[in-house]
Amino acid sequence: MDDTNRTPETSPTAPQPQPHDAERVDAARADAMAATPAAAADAPKRRRNRGLLIAGGAVLAAALVTGGGIAVGAAIADEVGDTSSASDDDADDADDVDDQPDGDDASDDSASGDLSNLGTSSADDIVAMVEAAAAAGEGEPVSIDLKRDGGAEVSLEASDGAETEVRVDAAGEASVISTEQADSDDTAPQNVLDAAAIASIVDAALAEADGRIVEIEADDDSTSPWDVTVLTAGGQFVEIDLDAQFAVVASGTDDDD
């Protein structure tokens with residue numbers, strides 16, 4: 001038999017896509033190509049946003065660290081300031097101690113300590129110190145305050161009311177330590193410590209309280225122009241007021257107030 005007109009056998013092959021299948025493939029391929037740039041565009045944007053978040057976090061952390069440093073620094077500065085204030089206060093306290101009067105004057109009116117050289121029972125000793133002071137300054141003696149070292153401070157008052165303070169040491173040497181000008185209403189002293197007045201004051205005061213005279217003051221009080229302080233053997237300070245005739249008006253220890 002002639003095989004020329006035989007219908008050729010078709011060898012089995014893979015199914016060929018139909019036209020409509022090709023269209024679907026092309027469409028899918030186009031969609032994939034269209035989607036790829038969009039995805040590529042989205043990737044950097046996400047990284048950029050994350051980078052911004054990271055950068056923002058770093059700035060915030062730096063701000064927190066800086067703020068914390070400032071806060072810690074401020075706390076340290078406050079502590080240093082407090083320490084400096086405490087040191088200044090201690091220094092001020094030390095200055096206050098240094099500014100206290102020396103031992104001689106600070107304790108003269110106290111019964112504590114050594115009182116063996118404080119005061120005298122001799123009118124002549126008082127007169128000698130008063131006259132030495134009057135020779136060194138101007139004015140009349142109106143008060144004498146005896147010291148622990150055996151010396152005294154004497155106040156002089158001039159006829160116009162000006163006042164001079166004179167220090168007399170235990171050897172009788174006198175020196176002016178201060179002066180004060182008179183005010184417009186000052187007047188001459190009405191009572192002064194001359195030798196006769198001192199003798200009468202010492203006799204009357206020691207008859208009232210046995211001891212040593214440590215202070216005499218004259219003033220313009222008509223009731224009791226003479227004020228005297230006596231240190232007794234028991235260590236008490238007795239304050240005595242005398243009238244113009246040297247009679248006792250009042251008497252009492254300094255702790256009776």
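These numbers were taken from a predicted model, which means no experiment stands behind them.
- Atom CG of residue Asp210 and atom CG of residue Leu231 lie 11.0 Å apart, to the nearest 0.5 angstrom.
- Between Asp220 and Gln190, the closest side-chain pair of non-hydrogen atoms falls below 4.5 Å.
- Of all the heavy atoms in Val238 and Ser251, the pair that sits closest is CG1-OG, 3.7 Å.
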List the atom pairs, donor and acceptor, that lie under 3.5 Å between side-chain atoms in residues 122-129 and the rest of the protein, sequence neighbours left out.
| residue | atom | partner | partner atom | Å |
| --- | --- | --- | --- | --- |
| Ser122 | OG | Asp124 | N | 3.3 |
| Ser122 | OG | Asp125 | N | 3.3 |
| Asp125 | OD2 | Thr120 | OG1 | 3.1 |

Only distances under 3.5 Å count here; give the side-chain donor-acceptor pairs of residues 193-206 to other protein atoms, sequence neighbours excluded, each with its distance to 0.1 Å.
| residue | atom | partner | partner atom | Å |
| --- | --- | --- | --- | --- |
| Asp194 | OD1 | Ala196 | N | 3.4 |
| Asp194 | OD1 | Ala197 | N | 2.8 |
| Ser200 | OG | Ala196 | O | 3.3 |

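- By the side chain to side chain donor-acceptor pair (under 3.5 Å) test, Glu138 is found to be paired with no residue, residues two or more places apart in sequence or in another chain being considered.
- For the side-chain contact (heavy atoms from CB on, under 4.5 Å) test, residues two or more places apart in sequence or in another chain that qualify with Ala174 are Ala132, Ala136, Val166, Val168.
- A ring pair (Phe, Tyr, Trp, His ring centres under 6.0 Å) check over residues 139-167, counting only residues at least two apart or in different chains, returns nothing.
- Between Glu153 atom CD and Glu165 atom CD the span is 6.5 Å, to the nearest 0.5 Å.
- Asp219 places none of its side-chain heavy atoms less than 4.5 Å from the side chain of Asn191.
- Taking the charged nitrogens against the carboxylate oxygens, Asp149 and Arg167 do have a contact shorter than 4.0 Å, which makes a salt bridge.
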* Walk me through it: do Asp241 and Val248 pass the test side chain to side chain contact (heavy atoms under 4.5 Å, CB included)? => CA-CA 6 Å; Asp241 296 338; Val248 175; over 6 Å; no

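- Put simply, the side chain of Thr253 does not reach to within 4.5 Å of the side chain of Phe237, judged on heavy atoms.
- Contact check for Arg148 versus Leu115: side-chain heavy atoms found under the 4.5 Å cut-off.
- Here Asp183 pairs with Asp185, Asp186 under the side-chain contact (heavy atoms from CB on, under 4.5 Å) rule; sequence neighbours left out.
- Shortest non-hydrogen contact noted between Pro189 and Val142 is CB-CG1, 3.9 Å.
- Pairs of residues two or more places apart, or lying in two chains, that qualify as side chain to side chain donor-acceptor pair (under 3.5 Å) and include a residue from residues 221-235 are Asp221-Ser224.
- Of all the heavy atoms in Ile144 and Val154, the pair that sits closest is CG1-CG2, 4.0 Å.
- Pairs passing the ring pair (Phe, Tyr, Trp, His ring centres under 6.0 Å) check and including a residue from residues 122-166, sequence neighbours excluded, do not occur.
- Hydrophobic clustering of Ile, Leu, Val, Met, Phe, Trp and Tyr side chains at less than 4.5 Å, counting indirect connections, unites Val130 with Phe246.
- Annotation: side chain to side chain donor-acceptor pair (under 3.5 Å) contacts of Ser143 (sequence neighbours excluded): Ser155.
- Across Asp160 and Ala162, no two heavy atoms sit closer than the pair OD1-N, 3.0 Å.
- Within the structure, the ring pair (Phe, Tyr, Trp, His ring centres under 6.0 Å) test picks out no pair touching residues 120-145 (sequence neighbours left out).
- Residues that satisfy the side chain to side chain donor-acceptor pair (under 3.5 Å) test with Glu163, not counting sequence neighbours, are absent from this structure.
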